[in-house]
Each structure stands twice: as C-alpha cells, then as structure tokens.
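Here the structure comes first, spelled out in structure tokens, and everything after it is commentary.
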Amino acid sequence: MQRKWWHGKTAYQIYPKSFCDSDGDGIGDIRGVIGKLPYLRELGVEIVWLSPVYRSPLADQGYDISDYYSIDPRFGTMEDMDELIARAGEMGISIVMDLVINHCSDEHEWFRKACADPDGPYGEYFYIREWHEGEKLPCNWRSYFGGSVWDLLPGHTDRIYFHAFHKKQPDLNWENPEVRAELYKMINWWLDKGLGGFRIDAIINIKKFLPFRDFPADREDGLCSIRRMLEKAQGVYLFLDEMARETFRPHDAFSVGEVFDEKEEDLPFIIGENGCFSTMFDFSEKHIGADPRGWYASALPTPEEYKAAVFAAQRRCAGVGFFSNIIENHDEPRGVSHYLPAGERSDAAKKMLGGLNFMLRGLPFLYQGQEIGMENTVFDSIGDVDDISTLDEYRVALDAGLTEEQALAAVAPFSRDNARTPFQWSAEANAGFTAGTPWMKVNPNYPRVNLADQRGRPDSVYEFYRSLIALRKSPDYAETVVYGETEPYLPEEKDLMAYFRRGDRTLLVAGNFRAEERTMPLPGEIGALLINNLPELSAADGAVRLAPWQFLVLELA
Ligand code: GLC
Ligand code: MG
C-alpha cells in the first residue's frame, strides 16, 4: 500500500459554533479556535476538521451555504481563516473544511437567479419542475428532515424544486457540467490557500435516480425514505472520480466522505488505492436499532450489536483502505451516552469505549468534548431544542400518538443537539465557553465534566486520550497501530470486545463491556502493558482478570 501523509494522524472535529467564543457574542468563532491551537497541539491531534464557517443563514447550522467564498461574520473574517490555516500549519496541524455541495442555501445567488428566471441558465443549476395545483408530485420521497422533497419555487405557483434536506437547502443539479465546474473551481480556490483538505458532506445524495418516480410508501404520510432512491441510483462514482481528478489528487489533499448506504463492491472506488476519497466515515453502528417509523420507535444498541457492527466494518475495509472511526459527531448523540449501557457514565467505561474505537484499524476522529467524556444533555422542554431534525422527529412522535412529554423523552436520546452544547472548558460560568450568553444551553453537568479539572490529572479521561494519541505516534508502535490488520479475539464471548492488531508487533486490545469482573484467557505471554484504564492489572495462569469496564492494550511477547 502506498503510504500517505495522513495515515498515521489523529483527527479532531470542531463544531465552531460551540467550541470557543472569543468575542462574547455567545457564538463560538474562528478566533476562538486560533486561541485553542496550543490546546489541540497538547492533545496531539494533527488534522482538524471544522464544520462549516462559510456565509450562511444557519438554517441548518451552516450546512446551508449562501456564499462559498466568504466566512460568515458570526464566525469571523477571511483574514481570521487565513490566519488559522497558517498558524495551525506552523504547529503541524492541517485544517480541513466542510464541503457542502449536494445543496446550497436558498439564499445563494444561484438559487435567487433560478427563482428570478427558472428557464434561464441558473434554472439548470437545480432540479426544478413544472407543476400545477392538484397535480401529482414527480416523486413521493421524504426529505431527511421530514415532508416531501418538493416545495414551491419561491415567487412561483407553477414550479417546484427538489431538496433532499430542509427546504432552505435546494439540491444542486450535478448532471449539469457547469455546476460541477463551478464547484471544482471553488474547491481549488480553497486548496490553493493551503487547506489540508475537506470533509465531504452528504455526498452520496448527489446522484439522483432519474427520472423521478415513486417508491412504495413506508409511513402513513404516503412518502418513502429517500434512502430507497439511493439504493437504485447508479454512477455516483463517475462524479466523484471526476471531482478527485480535478481537485483533490493534484493537491494531494486529504478527503473524508460522509458516505453511507454504499454498496460493498463500490468500496474500492471510494477508499481504495485510487479511490475518490482518502477515507470515509464508518457509520455502520449508527444504524443499529434505527426504526423506519422514526426515532421515537428506535432502540439503543447493545454491546453485542456494537461489537458485531464494528468487526463487520473492519472486515469490509481490510485490504481495501481505511475507514474513519468515530463514536460520535455533530449529528449524533454523545457516544458515551449511546453505546454504554444505560446509566453507565464512569470514567473507566468512557475510556474503554473510546479506547476500543481508537485502536481500530483506520483513522481515529475525535469529536470536540469526547476527549473529556462529554455526555448527552438535558432538555427541560421542546423549547430547549434547536436542531431541525429533532423538531421533525418530535412532530413524528406526536403524530404517532405520544404525549408531548413522551415525545420529548423519546427523541431526546437521539437529538443532534446533544453533541452541540458548548465545550466544557472549566467549572466557571458558562463552562468557560463564552463571556456572554451562550447560543445554546451549556450541559448542566459541566461542574463535574470539564477540561480544567482533567488536565494534568493522570487518571482523567483527557489524559487517557492523550496517551492513546501518543501510542499511535510512538516510533515503536506506530507501524502496528496504523497499518496492522485487525483480527477479532473471542468474538463469541458476550460483552467482551477484544481484537488483535497484527503488524510488525502483535497487540491485543480488550475491553470488558459490563459492570462485572470477568476472566479472559491470554493467547500468549504479555510482553508489555501499553495502556490500562485502571490502576491495576491482575494476570496469572495464562489469563487476565478484567475488572468492570477495564480496557487494556497489551503487547504479546
Ligand atoms: C450532513 C451534515 C448534517 C447536515 C446534512 C445536510 O449529514 O453532517 O449536519 O444537516 O448533511 O447538509
Ligand atoms: Mg463569537
């Protein structure tokens, strides 16, 4: 396998609105990120992905871009962005931006021009169709945030346009070569600034199954999940390969795709040696327990389901390329609240979950706050919810007959807002995030969970993550940690998740996924104890005793 500059790195996602506010307006900003660069270096991360900071009405928190060439004033200026790229670069940190190109904002000038003249050239930038009151829509697909993918084109009564997400996010027509050329020009403009690369948003959606047509309805609204169309759409990789050729490859840029529902045979085209992306996120565990009726009917994963999904993903990418491994991101609840059995919030368990994920083959992505064990937040009422997706799922729950109280309780564990509360820097006011009023309520647990308390405390979640990152970089172990194969160990053992990483050395990674002690036979002699989330290790007679939630990385002799 050809070695790439990013293979051995640890990546970190920043949700800028909630990371650090430098000017007291309650909104995190780019200067806030600049101020925390020394912190990121101390943690040891070397790729930093920023969720969108482009100009945007923030209908979907910046995933609705109205100008790809400017920074939203709430986040700062282009000078701030240039400074961030330069200062990070000096510290050995590559900045990666979010690339939201399946759609733009309805306030983007392309869409405004399309509304002004749907038959003109900009009409072809979007999916616009003629439609008259009382007629059937071109298809019955449900948008990701609820309701039909079709809406009336602003200013018209006989035209409709397509949006896979919110109605303020009209889909760009990738079939139009002019659109693609405009997007590639913009990507290169950013890469020429010295950006490390991009995280590519919602990219699987750019290829529509055309002509539009209905699929069998899967809810009482008569609509069907848009994912049915993704199963049918062919040829997305022709677009992606063209994009890679025109932009990423000539810059040797890093690219990580938000890809889901890919077909197994397509994996080599996505993340293989000559694939269109460097890597893509593994979302397989995210879909465990998901019910087509909605969040209110969905279940949390069990440890066994989690383990099975992760091992299956490791098998799929073996010999092909690297997945990017996560326990959470800005679209998911906090991993420690989602994957650990209900109520289990001990530091040991948090470390175990993080360690099991971090040591997998692939690129580890930490999400801001993960490194201090941030947890899901508390919603006192639906008024506390900001996320459009949660608001939609709440309505779906009410429509299914739940009371308001039940509906809130049912959607809360899945809310994207859980990950979007401000970073907990300290036990001071607003968790040290802002001197003003935070745009979103701080998680009330911040006096207990915050960085200031953990920094320098050897048994903290934070110092544990630092030691994982250091192991990944260490000259003795990097080869195995980065390139070694994954092989499950005792996969049938319930609530034990263990695997080998086999490279020039052999590591055994093991986590006891339950609140009871257990014994695990050892497949060989222990050569070295590299990581232990608890103070002690008890090994005798070819076995180790694992305390509740104990996590170990051992080198076998
Ligand atoms: C991706 C983003 C999510 C956003 C959606 C639409 O899934 O991660 O936050 O809402 O795309 O852009
Ligand atoms: Mg601010």
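Order of listing sets the numbers, starting from 1, for every ligand and every atom in it. Residue numbers count from 1 along this sequence. Just so it is clear, the structure is predicted and the values come from calculations on it, not from any experiment.
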T390 and S415 side chains, donor-acceptor separation under 3.5 Å = yes

Polar side chain donor-acceptor pair, Y54 to D98, under 3.5 angstrom | no

Taking the Mg ion (ligand 2) as the vertex, measure the angle between atom OD2 in D29 and atom O in I27; round to 10°.
-> 100°

What about the rings of Y161 and Y127, do their centers lie closer together than 6.0 Å?
-> no

Going by the ring pair (Phe, Tyr, Trp, His ring centres under 6.0 Å) test, name the single residue among F433, Y39, W439, F423 that passes it with F19.
-> F423

Sort out for me which residue in F111, F126, W150, W174 forms a ring pair (Phe, Tyr, Trp, His ring centres under 6.0 Å) with F162.
-> W150

Could you tell me if the ring centre of Y63 sits under 6.0 Å from that of H103?
-> no

Give a yes or no on whether the ring-centroid distance for Y12 and W49 is below 6.0 angstrom.
-> no

Are E182 and K185 close enough for a salt bridge, meaning some N to O gap below 4.0 Å?
-> yes

Of all N, O or S atoms in D25, which has the smallest distance to the Mg ion (ligand 2)?
-> OD1

Within the stated cut-off of 2.8 Å, is an N/O/S atom of G32 closer than that to the Mg ion (ligand 2)?
-> no

Give a rough value, rounded to 10 degrees, for the angle at the Mg ion (ligand 2) between atoms OD1 of D23 and OD1 of D21.
-> 80°

Contacts for ligand 1, heavy atom under 4.0 Å, by chain and number, are D60, Y63, H103, F145, F165, Q169, R199, D201, A202, E258, H330, D331, R416, R420

